[in-house]
Protein chains: 2
Amino acid sequence: MSTATKTDVREKLLETAARLFYSQGYKDTGINQIIDEASVCKASFYNHFKTKEDLLIAYLERSHDQSMAALRQRLSQVSSPREQLRELFRCQAEKLEKSGFRGCPFMNTLAEVPGAEDKVRQVIGWHMSGQRQILEEIVSRVSRERGLGAQSSRLADDLEVVMTGGLMAARAQGNVAMLRHAQSMAERMLGLDES
Amino acid sequence: MSTATKTDVREKLLETAARLFYSQGYKDTGINQIIDEASVCKASFYNHFKTKEDLLIAYLERSHDQSMAALRQRLSQVSSPREQLRELFRCQAEKLEKSGFRGCPFMNTLAEVPGAEDKVRQVIGWHMSGQRQILEEIVSRVSRERGLGAQSSRLADDLEVVMTGGLMAARAQGNVAMLRHAQSMAERMLGLDES
DNA sequence: GTAAGTATAAACAGACCAGTCTGTCTGTCA
DNA sequence: TGACAGACAGACTGGTCTGTTTATACTTAC
């Protein structure tokens with residue numbers, strides 16, 4: 001029988017917290033449930049995280065890193081910007097369905113923790129910028145290919161609105177129909193539907 | 001000195017709960033704070049509402065009724081569908097700003113109460129349908145005026161995506177820029193930008 | 001081999017929560 | 001006048017929460 005190492009414990013806590021915070025919400029998940037399910041004792045928990053909110057921030061940072069990495073990895077496997085856009089929507093739809101339509105962890109946190117500390121808001125901001133960056137890259141690739149020129153800044157805004165709207169509408173309705181609709185809107189907007 | 005009447009008490013509780021649930025969130029608002037701020041004793045509270053969740057449902061129903069009535073009232077004061085669309089976006093922007101970008105009470109509740117009871121989900125569904133209905137009415141008025149014909153079902157979906165996206169993006173960013181952008185997208189989509 | 005660091009287990013503190021209960025006071029209506 | 005409804009006041013229960021503390025075991029680096 002051996003004792004868990006330091007990184008083991010931290011990773012187990014983060015993994016468990018990610019699962020529970022996302023599926024049950026932050027407020028509805030107690031420290032005790034987290035340490036029980038992670039098989040870590042309470043004192044060890046407080047050895048790694050000063051407070052529960054500390055854990056929330058670490059969870060958000062981790063979610064951000066992981067989701068951006070996963071998304072970029074998926075996008076790098078297709079070549080044309082048209083396919084990238086489709087892949088982007090496919091990823092969102094998959095995540096939404098797999099999560100039982102629980103939606104975006106960051107938006108959920110924003111709703112759940114109104115008086116969120118600056119640090120929490122900051123991480124949420126990072127995530128939004130990261131997502132936006134990906135949209136801008138796709139738009140700029142389309143633009144380079146088809147010479148959309150000065151429109152491309154507006155198009156990135158368009159795309160952000162449509163992506164966000166499709167995601168939130170689908171989440172509220174509990175099915176991906178609106179996300180698919182948003183995808184076809186996005187393709188129309190970028191002139192990728194007729195090529 | 002006279003005792004508060006039955007409807008007084010209920011109304012005071014609902015008003016206070018609406019304010020606190022919306023600004024602080026459901027979980028972060030305790031019964032004790034509600035009755036303190038409403039100046040109502042606890043037994044009276046439980047005379048009107050069986051549980052805290054009962055109060056949540058009553059709050060959502062009331063929010064739905066009030067917001068739909070207010071919206072319809074505002075929309076009825078302008079004549080052209082073009083102006084109605086503008087008014088719709090203006091209302092959303094005003095509400096968002098006035099609330100300190102706290103967003104939609106229904107989406108927030110959805111995020112905050114993952115294991116929401118059927119009744120809660122039901123009221124949220126009513127609200128979504130109500131909003132959707134208004135969009136459809138505007139689209140159909142535009143369609144009648146300009147003969148968009150068979151496209152109008154798709155246009156209602158488009159409009160829903162854009163409205164939702166603008167609202168959520170603005171909420172996340174903490175300013176109404178994306179909502180204004182969504183408005184111009186909507187006008188373009190319905191051909192109302194050049195007339 | 002020993003000291004430092006981190007793990008484990010479990011009790012504990014103190015705040016807060018939803019909801020119950022006992023009892024009193026006031027107004028209305030028959 | 002008396003019965004009833006619903007207001008008020010507030011103590012109380014049983015439970016949950018975050019976070020602390022104490023005591024003991026294991027691992028690793030010096």
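Every chain is numbered from 1 and lettered A, B, ... according to where its sequence line falls, protein lines coming before strand lines.
Between F106(A) and H64(A), the ring-plane angle classifies as perpendicular under the 30° and 60° cut-offs.
Ion pairing between R90(B) and E87(B) holds under the 4.0 Å rule for side-chain N and carboxylate O.
Each of S44(B) and K27(A) has a nearest nucleotide on DNA chain D; the 5'-most of these lies closest to S44(B).
Rounded to a whole Å, the CD1 atom of I35(A) is 12 Å from the C1' atom of dC17(D). The distance from atom CG of D36(B) to atom P of dC8(D) is 12 Å, rounded to the nearest whole Å. Between the P atom of dG6(D) and the CG atom of L13(B) lies a distance of 15 Å, rounded to the nearest Å. The interatomic distance linking E11(A) (CD) with dA7(C) (P) rounds to 14 Å, in whole Å. Following rounding to the nearest Å, N47(A) (CG) and dA9(C) (C1') show an atom-to-atom distance of 15 Å. As rounded to whole Å, 14 Å separates atom C1' of dG19(C) from atom CG of L55(B). Rounded to whole angstrom, the span from the CG atom of D28(B) across to the P atom of dT16(D) amounts to 19 Å. Taking atom OH on Y26(B) and atom P on dC17(C), their separation rounds to 13 Å, with Å as the unit.
With rounding to the nearest 0.5 angstrom, the CD1 atom of I138(B) is 5.0 Å from the CG atom of L88(B).
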What nitrogen or oxygen pairs link the protein and nucleotides 19-22 of chain D at under 3.5 Å?
residue : atom : partner : partner atom : Å
dG19(D) : OP2  : Y46(A)  : OH           : 3.2
dG19(D) : OP2  : K52(A)  : N            : 2.8
dG19(D) : N7   : K42(A)  : NZ           : 3.0
dG19(D) : O6   : K42(A)  : NZ           : 2.7

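Contact annotation: H48(A) reaches the phosphate of dA7(C) (side-chain N/O to OP1 or OP2, under 4.0 Å).
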Checklist line | side chain to side chain contact (heavy atoms under 4.5 Å, CB included) assessment of D158(A) paired with V161(A) | finding: CA-CA 5 Å; D158(A) 286 6; V161(A) 166; 6.0 Å; no
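Applying the side-chain hydrogen bond (donor to acceptor under 3.5 Å, both in side chains) test to K42(A) and every residue at least two apart in sequence or in another chain returns N32(A). The ring pair (Phe, Tyr, Trp, His ring centres under 6.0 Å) search around F89(A) returns none, not counting sequence neighbours.
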